[in-house]
Amino acid sequence: MYQKTFLFLIGFGLTVIGLIYIISYLNLLTIGYNFLYYVNFIIRRIECLYAPIGLILIFISINIERGENYDLHI
């Protein structure tokens, strides 16, 4: 149970960090760069890749099967 919570929190933190950088790089559009250059730029930045990695960790933590001794089945 604690492993799932820890994995979820790590994924949430990485997603927030990645989305903050993606939103902050939106200023490139106001300078005059086009949308394709913006997408090409954020794909190549490691801090922007934290967002999909975090989403994958959240998805994994939600879908991990629990043991057979777990009594709460909703």
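Position 1 is the first residue of the sequence; numbering continues from there.
- Linking ILVMFWY residues whenever their side-chain heavy atoms come closer than 4.5 Å, directly or via other members, leaves Ile10 and Tyr2 in distinct clusters.
- Between Tyr38 atom OH and Asn40 atom CG the span is 12.5 Å, to the nearest 0.5 Å.
- Placement of Phe6 and Ile64 within a single hydrophobic cluster is found when ILVMFWY residues are connected by side-chain heavy-atom separations under 4.5 Å, directly or transitively.
- Using a 4.5 Å cut-off between side-chain heavy atoms of Ile, Leu, Val, Met, Phe, Trp and Tyr, with links allowed through other members, Ile62 and Leu55 fall into different hydrophobic clusters.
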Please assess Arg45 against Tyr21 for the test side-chain contact (heavy atoms from CB on, under 4.5 Å), listing each intermediate value before the final yes or no. CA-CA 9 Å; Arg45 304 295 295 183; Tyr21 277 106; over 6 Å; no
Evaluate the criterion side-chain contact (heavy atoms from CB on, under 4.5 Å) for residue pair Ile22 and Leu26; output intermediate values, then yes/no. CA-CA 7 Å; Ile22 289 171; Leu26 278 173; 5.7 Å; no
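- Taking CZ from Phe12 and OG1 from Thr15, the interatomic distance works out to 8.0 Å, rounded to the nearest 0.5 Å.
- Linking ILVMFWY side-chain heavy atoms closer than 4.5 Å, directly or via other members, places Ile43 and Ile17 in a single hydrophobic cluster.
- Residues Ile42 and Val16 do not share a hydrophobic cluster, clusters being chains of Ile/Leu/Val/Met/Phe/Trp/Tyr side chains in contact below 4.5 Å.
- Rounding to the nearest 0.5 angstrom, the gap separating the CD1 atom in Ile23 from the SG atom in Cys48 is 10.5 Å.
- Put simply, CG on Leu9 and CG on Leu57 are 11.5 Å apart, with the number rounded to the nearest 0.5 Å.
- Taking the six-membered ring where tryptophan is involved, the planes of Phe41 and Tyr37 are essentially parallel, since the angle between them stays under 30° and well short of 60°.
- One distance of note links CZ of Phe8 with CD1 of Ile60; it measures 13.0 Å at 0.5 Å rounding.
- Considering CD1 of Ile53 and CD1 of Ile58, their distance stands at 12.5 Å, rounded to 0.5 Å.
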